[in-house]
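Worksheet for the structure shown next.
As the structure is a prediction and not an experimental result, all values here were calculated from the model.
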Amino acid sequence: MPDPIRILEAMGLAALVAGSFVFGLGRPWRAPNAARMRIGGVLGLAAGIIVGCWQMDAPPTWPPREDHDRLLLLLLPLVTAVEIVIAVIARPRWLPWLLRLIVAAAAAPILLWGSSYITDLTGPRSREWTIAQAVLIFTSLAVLLAIVWWAMWLLTKRSACRSVPVMLALISAGAAVTILLSGYASAGQSGLNLPATLVGVIVASLVIRGTPQMNGVVGVGVVVLFGLLIEGRFFGHLSTTYALLLTGAPLLAWCAEVPGLRRKSLLAQRFVRVILPMIPVTVALVLAQRQFVADSGQASVPLSEPSADDYLNFGK
């Protein structure tokens, strides 16, 4: 049974660590530096997630043997390193998205490496997917991640505000709880560190002078959210429908960019950008909660004792 006090302590510590990196590298007492601010946010997000998992007694182990270990020790450092490189080296212009596409292509194979889906664990040809199926699934997942990543990057660049990471934090919280209700408690609990670190970065950025630099933070957040959904779908009982609802939810934030709404107040636009993506998240969360209650009720129904008539009719 999850310990809510321990989870809240871990989330608070994760937020504090993330905010400390942003504050330390952002240096609010000095002139703003865009590269330093981006690096602080990216490092804070990664460090906060790791520390939060440690506080929850779910630290990764080396060498990584399970999907949880591969997410924290391989995929998270990879996307963090890529965003740091992009913050430091912005030229040539095609390099940032080449590196991001490499991460998008590698994300699912990293998490599913050594699993029964692509590995003969119990003998020759015992893997669940053929080579053609694996290529099709990995390609589809890479394209899906790349589309969401690009859409959030462009929206963050276009809006130049904190509403996108706020929206991503809310989606991540809903996704973590949905994964928890879908039978993968450890991934769901660990996933709560992602929204906590996003909140820590957002709060710390309020004291930093200059335009908030959130592209790197949003990129890491999107990849980690994608990784959590892959864990829930392929290693838990998260349905494909719920996974797609949660993966595509951030795309609804673009509805706030319609011309009619853009001419209205900036506050209304940001409100729509944050709230509208929560509709599919709420749907997935409610359906997962109902399924969890139904499964729990079936599991708790005791077997009835046979009646006298059952004994008399036995064998008839």
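- Distance alone, capped at 3.5 Å, places no donor-acceptor pair between the Arg273 side chain and the Ser163 backbone.
- Taking a 6.0 Å sphere around CZ of Arg6, one finds it holds more than 12 heavy atoms contributed by other residues, nucleotides or ligands.
- With Val220 as the fixed residue, the side chain to side chain contact (heavy atoms under 4.5 Å, CB included) test singles out one of Leu45, Leu198, Leu43: Leu45.
- We find the OG1-CE distance between Thr197 and Met11 to be 9.0 Å, quoted to the nearest 0.5 Å.
- In the hydrophobic cluster analysis, where Ile, Leu, Val, Met, Phe, Trp and Tyr join through side-chain heavy atoms closer than 4.5 angstrom, Ile49 is grouped together with Val103.
- Counting non-hydrogen atoms of other residues, nucleotides and ligands closer than 6.0 Å to CH2 of Trp254 gives a total above 12.
- For the residue pair Ala10 and Gly52, the shortest heavy atom distance occurs at CB-O, 3.4 Å.
- A donor-acceptor pair is defined here as one N or O able to donate and one able to accept, closer than 3.5 Å; such a pair exists between the side chain of Ser205 and the backbone of Ile202.
- Expressed to the nearest 0.5 Å, how far CG of Asn215 lies from CG of Leu154 amounts to 9.0 Å.
- Residues in residues 205-244 take part in these ring-ring contact (aromatic ring centres under 6.0 Å, His included) pairs, two or more places apart or across chains: Tyr117-Phe234, Trp129-Phe234.
- No side-chain donor-acceptor contact under 3.5 Å links Thr119 to the backbone of Ser116.
- The OG1 atom of Thr61 sits 8.5 Å away from atom NE2 of His68, with the distance rounded to the nearest 0.5 Å.
- Atom-to-atom distance recorded for Leu145:CG and Leu101:CG is 9.5 Å, nearest 0.5 angstrom.
- We find the CG-OG distance between Leu245 and Ser239 to be 8.0 Å, quoted to the nearest 0.5 Å.
- Of the possible polar contacts, none joining the Arg70 side chain to the Pro64 backbone as a donor-acceptor pair under 3.5 Å is found.
- Gly40 approaches Leu25 most closely through the heavy-atom pair CA-CD1, 3.4 Å.
- Taken to the nearest 0.5 Å, the OG1 atom of Thr156 stands 8.5 Å off from the CG atom of Leu168.
- Under the rule for a side chain to side chain donor-acceptor pair (under 3.5 Å), the partners of Gln291 that lie at least two apart in sequence or sit in another chain are Asp295.
- Considering every non-hydrogen atom in both Pro250 and Thr247, the closest pair reads CD-O, 3.2 Å.
- Shortest non-hydrogen contact noted between Ala46 and Thr80 is CB-OG1, 3.5 Å.
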query = Stepwise, does the side-chain contact (heavy atoms from CB on, under 4.5 Å) test hold for Leu71 with Glu231?
reply = CA-CA 9 Å; Leu71 173 63; Glu231 286 187 295; 3.3 Å; yes
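- When all heavy atoms of Gly41 and Val201 are compared, the closest pair comes out as O-CG2, 4.0 Å.
- Without hydrogens or angle criteria, Gln289 side chain to Leu181 main chain gives no donor-acceptor distance under 3.5 Å.
- Heavy-atom minimum distance, Met278 versus Ile171: SD-N, 4.0 Å.
- Checking side-chain atoms of Asp69 against main-chain N and O of Pro60 turns up no donor-acceptor pair under 3.5 Å.
- Using a 4.5 Å cut-off between side-chain heavy atoms of Ile, Leu, Val, Met, Phe, Trp and Tyr, with links allowed through other members, Val143 and Leu99 fall into different hydrophobic clusters.
- No more than 12 heavy-atom neighbours from other residues, nucleotides or ligands sit within 6.0 angstrom of CD1 on Ile131.
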